[in-house]
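Worksheet for the structure shown next.
Bear in mind the structure is a predicted one, so any value in this text is a computation, not a measurement. Below, chains carry the letters A, B, ... as their sequence lines are ordered, and counting in each starts from 1. Hydrogens, waters and symmetry mates are skipped; everything else that's a heavy atom, side chains included, is used.
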2 protein chains.
Amino acid sequence: MNIVETLSSIPLFLGLPENQLVELSRIVVDKRFKRGDIIFSEGDEGIGFYIVISGKIKIYKISPDGKEQILHILGAGEPFGEIALMGEQFYPAHAEAMDKSRIFFFPKVPFASLIKQNPSLALNMIAILFFRLHEFTVMIESLSLKDVPTRLADYLIYLSERNGGVSELKLDIPKTQLANLLGTIPETLSRIFAKMTKQGLIKTDGPNIKILDYHALKELSTAEKRLSDIGELF
Amino acid sequence: MNIVETLSSIPLFLGLPENQLVELSRIVVDKRFKRGDIIFSEGDEGIGFYIVISGKIKIYKISPDGKEQILHILGAGEPFGEIALMGEQFYPAHAEAMDKSRIFFFPKVPFASLIKQNPSLALNMIAILFFRLHEFTVMIESLSLKDVPTRLADYLIYLSERNGGVSELKLDIPKTQLANLLGTIPETLSRIFAKMTKQGLIKTDGPNIKILDYHALKELSTAEKRLSDIGELF
DNA sequence: CGTGCGCTTGACTTTTTTCAATAAAGGTGG
DNA sequence: CCACCTTTATTGAAAAAAGTCAAGCGCACG
């Protein structure tokens with residue numbers, strides 16, 4: 001697949017006329033990263049933005065004492081570092097490859113002028129930003145208003161529903177990373193997996209998780225705490 | 001001040017040609033709310049978006065057991081409920097007037113077509129969304145990676161710096177609401193105010209807060225925890 | 001075949017919340 | 001103007017949730 005074809009399959013570039021795709025193909029830089037490579041760090045000058053072609057990228061913050069909070073895990077077709085497109089900006093978080101990844105890089109200046117010229121590109125960008133904003137809303141709600149068991153239940157339900165409601169899941173990230181995504185630490189996550197297993201909600205075997213009691217998990221995920229109804233869950 | 005003049009002073013509409021402002025003035029609905037009025041609730045159908053003209057609006061989530069997390073507190077010129085502009089969407093949070101407020105409402109359909117026709121409107125919208133995204137990034141980092149004393153220190157420093165570094169602050173929201181904004185509860189916040197006061201960092205008198213030791217507060221806000229250096233702060 | 005990393009578990013500590021009671025402040029109607 | 005009532009703020013004691021520290025296991029990878 002050539003560059004223009006690849007570009008045309010990216011949601012952000014949907015509906016772009018051929019000539020603009022060609023123009024994009026002239027400014028794009030095709031980059032490869034291996035697991036653990038840092039793409040940019042928080043505070044780096046925003047020299048452009050990126051789109052994942054293959055592989056997996058995590059965007060994350062780190063506290064002074066080393067705790068990590070993952071903001072996003074991005075897969076094929078998803079952009080990141082878009083903040084670089086705004087005036088004089090620095091990246092507000094770190095970006096690291098979680099697997100061998102292929103990334104397209106778009107330098108700030110030529111891309112910014114493209115977006116100014118092409119209304120449908122601007123509208124696509126707006127759509128993506130709205131989506132991001134919504135994701136963050138959910139994350140804030142989750143971190144502030146839900147405890148860790150509930151956040152894990154949410155995540156398992158999400159994984160299940162994303163695959164059409166299957167009960168056999170396979171985590172595609174290490175549990176340590178999942179802890180960082182859910183805003184906790186590996187020890188706590190491990191204990192909650194153990195407790196859910198003991199209660200017959202799930203069964204785990206390494207990265208494979210089987211949901212045994214979908215209903216109870218869903219209750220935990222959505223319902224008001226009614227210990228009297230549910231029994232002492234945690 | 002007439003409607004068109006008022007519209008022209010709103011950041012989102014900066015750079016719009018006169019005729020488009022006039023067009024906007026034809027679709028806008030001028031609304032008034034008093035303290036405590038609900039503008040929309042989470043899950044309501046997004047029928048349009050709003051801009052604060054005067055007063056103060058909070059956007060917030062509520063957990064099943066009633067705890068509230070404020071996502072934003074918006075003042076004059078700031079838009080909210082923009083998510084309504086995307087396809088079939090529901091408001092993802094609640095909006096409530098914190099004071100007597102005047103709000104402009106823009107119905108979804110006519111506004112969406114305006115944004116499609118006017119590139120500079122689209123670009124202004126992109127800028128606002130980027131800004132929001134950045135705010136949320138900071139909030140997630142704060143909730144996940146910092147404890148409550150640090151979040152309060154951050155907030156006080158922020159208030160101080162916003163006013164050019166003054167040391168005498170006046171909270172413009174009740175402490176209960178501040179607790180909800182910082183992701184905690186009034187009791188916890190109250191205890192931390194008391195502790196900071198006892199340590200000579202601040203002095204409080206109702207909503208008035210005087211920063212006595214800006215440096216120590218800033219340390220708390222930014223620095224790595226080094227108990228050995230700082231002494232037992234909390 | 002060892003080294004290291006990811007994962008788990010136990011014991012303990014810290015942070016934050018919960019529950020309950022009380023005090024102070026602010027607005028309203030008599 | 002004052003009494004009353006509601007809202008907001010504070011404080012103590014206890015409980016719960018999550019994090020820290022430390023140790024140990026097992027599997028993958030060089």
Side-chain angles (χ1 to χ4, degrees), chain A residues 34-36 63-69 98-100 142-153 170-198 202-209 220 224-225 227 232-234, chain B residues 34-36 63-69 96 98-100 142-153 170-198 202-209 220 224-227 232-234:
Chain A
K34 63 179 192 302
R35 189 180 128 96
S63 75
D65 48 306
K67 196 187 162 193
E68 174 178 314
Q69 172 67 48
M98 298 181 85
D99 288 319
K100 195 149 82 82
S142 186
L143 289 170
S144 171
L145 264 23
K146 298 177 178 178
D147 59 17
V148 184
T150 306
R151 305 210 287 268
L152 176 57
K170 188 173 160 58
L171 298 178
D172 62 347
I173 52 173
K175 290 193 176 127
T176 304
Q177 296 299 305
L178 178 56
N180 292 339
L181 181 62
L182 297 181
T184 186
I185 56 173
E187 292 95 321
T188 298
L189 184 64
S190 187
R191 282 181 239 278
I192 291 167
F193 268 126
K195 213 156 219 166
M196 283 183 171
T197 300
K198 200 166 60 184
I202 59 173
K203 203 160 93 62
T204 71
D205 170 30
N208 302 299
I209 297 167
L220 184 56
E224 184 171 355
K225 296 271 172 51
L227 293 184
E232 194 186 324
L233 272 171
F234 289 101
Chain B
K34 62 179 193 303
R35 188 181 130 94
S63 73
D65 49 307
K67 196 186 162 194
E68 175 179 314
Q69 173 66 48
E96 178 185 323
M98 298 181 86
D99 288 318
K100 196 148 83 80
S142 186
L143 289 170
S144 170
L145 265 23
K146 298 176 177 178
D147 59 18
V148 184
T150 306
R151 306 210 286 267
L152 176 57
K170 187 174 161 57
L171 298 178
D172 62 348
I173 51 172
K175 288 189 177 131
T176 304
Q177 296 300 304
L178 177 56
N180 292 339
L181 181 63
L182 297 181
T184 185
I185 57 174
E187 292 96 321
T188 299
L189 184 63
S190 188
R191 283 180 238 277
I192 292 166
F193 268 125
K195 214 155 218 165
M196 284 182 169
T197 300
K198 199 166 63 185
I202 59 173
K203 203 160 91 62
T204 70
D205 171 30
N208 302 299
I209 296 167
L220 184 56
E224 185 170 355
K225 294 272 172 52
R226 282 171 315 222
L227 293 183
E232 194 186 320
L233 272 172
F234 289 100

query = Taking all non-hydrogen atoms of both residues, which atom of B:Ile185 and which atom of B:Ala179 are closest, and how far apart?
reply = C-CB, 3.5 Å
message = How close do B:Pro186 and B:Thr176 get, counting heavy atoms only, and between which atoms?
response = CG-CG2, 3.8 Å
Length of the CD1-C1' vector between B:Ile185 and D:dA17, whole Å = 13 Å
ask   = Roughly how many Å is it from CD in B:Gln69 to C1' in C:dT16, rounded to a whole number?
value = 15 Å
Rounded distance [0.5 Å steps], CG in A:Leu189 versus CG in A:Leu181 = 10.5 Å
ask   = A:Arg151 CZ to D:dA17 C1': how many Å, rounded?
value = 11 Å
task = Indicate yes or no for a side-chain donor-acceptor contact from A:Lys67 to the backbone of B:Lys146 under 3.5 Å, with no hydrogens or angles considered.
result = no
query = What is the distance, rounded to the nearest whole Å, between atom NZ of A:Lys195 and atom P of D:dA18?
reply = 10 Å
ask   = Taking all non-hydrogen atoms of both residues, which atom of A:Leu220 and which atom of A:Ala153 are closest, and how far apart?
value = CD2-CB, 3.9 Å
request  = Can you check each nucleotide of nucleotides 9-15 of chain D against protein heavy atoms at under 4.0 Å and return B for base, S for sugar-phosphate only, - for none, in 5' to 3' order?
outcome  = SBBBB--
ask   = Rounded to whole angstroms, how far apart are CG on B:Leu220 and P on C:dT15?
value = 12 Å
task = To the nearest Å, give me how far apart CG (A:Leu182) and P (C:dC7) are.
result = 13 Å
Nearest-angstrom distance from the residue atom NZ of B:Lys67 to P of D:dA17 = 13 Å
key: Minimum heavy-atom distance A:Met196-A:Leu152, with the two atoms named   = SD-CD2, 3.8 Å
ask   = Is it true that a side-chain atom of B:Lys203 and a backbone atom of B:Asn208 form a donor plus acceptor pair closer than 3.5 Å?
value = no
remark   = All heavy atoms of B:Arg151 vs all of B:Ser142, minimum pair found to be CD-OG, 3.1 Å
key: Rounded interatomic separation in angstrom, taking CG from B:Asp147 and P from D:dG19   = 12 Å
ask   = Which atom pair, heavy atoms only, marks the closest approach of A:Asn180 to A:Gln69?
value = O-NE2, 3.4 Å
task = For the helix from C:dC1-D:dG30 to C:dG30-D:dC1, measure the angle between the helix axis at one end and the axis at the other, each built from five pairs, rounding to 10°.
result = 40°
